[in-house]
Amino acid sequence: MTEVQLQEFKLEPDSELRFEVESKNEKVVLEVKSGYAELFGTELVKGKPYEFHTGAKVAVFTWHGCIVELRGRTEVSYIAKETPMVVYLNVHAALEQQRVAAEQENTRGPVTMVVGPGDVGKSTLTRILLNYAVRMGRRPIYVDLDVGQGHISVPGTVGALLVERPASIEEGFSQQAPLVYHYGHKSPGENLELYKTIVSRLAEVIAERCENNKKASTSGVIINTCGWVKAAGYKVLTHAAQAFEVDVILVLDNERLYNELKRDMPKFVKVVYLPKSGGVVERSSSQRAESRDARIREYFYGKRTPYYPHSFDVKFADLKIYKVGAPSLPDSCMPLGMRASDALTKLVSVWPSGALAHRVLAVSFAGGPDERALHCNLAGFVCVTAVDMERQTLTILSPQPRPLPNTVLLLSDLQYMDNH
Ligand code: ATP
């Protein structure tokens, strides 16, 4: 059932209005008429219209009560009185105490990792905690290890961002100068060795940067992770915890994971169990694929603020494309001193062919095609929109005008059909 047009909601203190926009090409406008409200930790300005489009799943929370108006068709819209927001606020208060202590003792602030299975609200809790921290005048570092969604850059990457202002309601955190590393797949399981390599690298670079930025260092780090929590997925989490030397792990809605981490983490790591919000919406694999696609489209075309990407042809001969991971051989067939797993982080040259059509390529800052390329952060991405085998050219969609920088291009599994 679709509810229509203008709706007004009176929210009691400590309650939230949840709504979803589902119909194609639909737009819903939200406005706070009186009182105070926030959206995933960002304060809403009274009287200002905010637009939400197809696929949006939103909660407007109020600590003190408010009146909110929605204009447009929502799939569902209801007020929920039961929310875990007080618990999340207490977590924020505890982190804030650690930041104050870090400032006084000249040590680093809390490094917090948010874990849990798929669709429990990990990304949302990360956003809320970052917003609360920045609203207190902190400058926390946001790390996203969820290669399936790619909240900081495009899917298939891990990244970090210094958060200097609350997330914009419509566009999320400002994407200025993110630190991004290439992975190239949608799940850590597709190349565990490579995933661990780049996670360790990201942790190393953040630790270095914190040494030179006291404000960021005392504000701490908040890490969002993938929803893969069993078997090798669990190992991936414990590896990340070690690499980032986490102090706090927030486990959302999974007692088994909570108990495993309590058992396996060193005693100084606080493992905290948190309930999930009843409002978190489960997404089907096709909805996940759509949101991946939307992330890539936003990278090239912008979200609210439009970008105008360039499209041009490049000769095969002018390109240096590599993929990461050579076919793995048994240890006994490897040259002396090399392990079979080393092959998984090797760069292998790729000669252009029709198979490159619609693939995303990461533009590396690396000078040459060796393993160091994986340790270099990315300059950006391009997408192959067409391959002409006769003329031996690729048509490239790029945020920058030609020529393509003369650097290493890293091939991603991710595809994007440009029909903008
Ligand atoms: P993933 O497994 O993809 O990492 P996740 O655990 O990070 O998922 P989120 O992305 O935080 O989960 O949440 C899933 C969806 O639910 C998002 O679209 C988010 O906007 C929505 N959502 C989160 N909290 C609420 C809420 N309280 N009310 C309504 N929608 C919500």
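Just follow the structure's listing: the first ligand is 1, and inside any ligand the first atom is 1.
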Under the salt bridge (charged side-chain N to carboxylate O under 4.0 Å, His left out) test, residues paired with D418 that sit two or more places apart: none
According to side chain to side chain contact (heavy atoms under 4.5 Å, CB included), who are the partners of S174, at least two apart in sequence or on a separate chain? R165, Q176
F52 six-ring face occupied by K27 cation (under 6.0 Å, within 45°): no
Electrostatic pair R108:D247 at N-O distance under 4.0 angstrom: yes
Under 4.0 Å from ligand 1, counting heavy atoms only: the protein residues, by chain and number: E16, R18, F40, K57, V58, A59, G118, D119, V120, G121, K122, S123, T124, D146, S277, G279, V280, V281, R283, R288
N259: what forms a side chain to side chain contact (heavy atoms under 4.5 Å, CB included) with it, not counting sequence neighbours? E255
Salt-bridged, E103 to R138, with N to O below 4.0 Å? yes
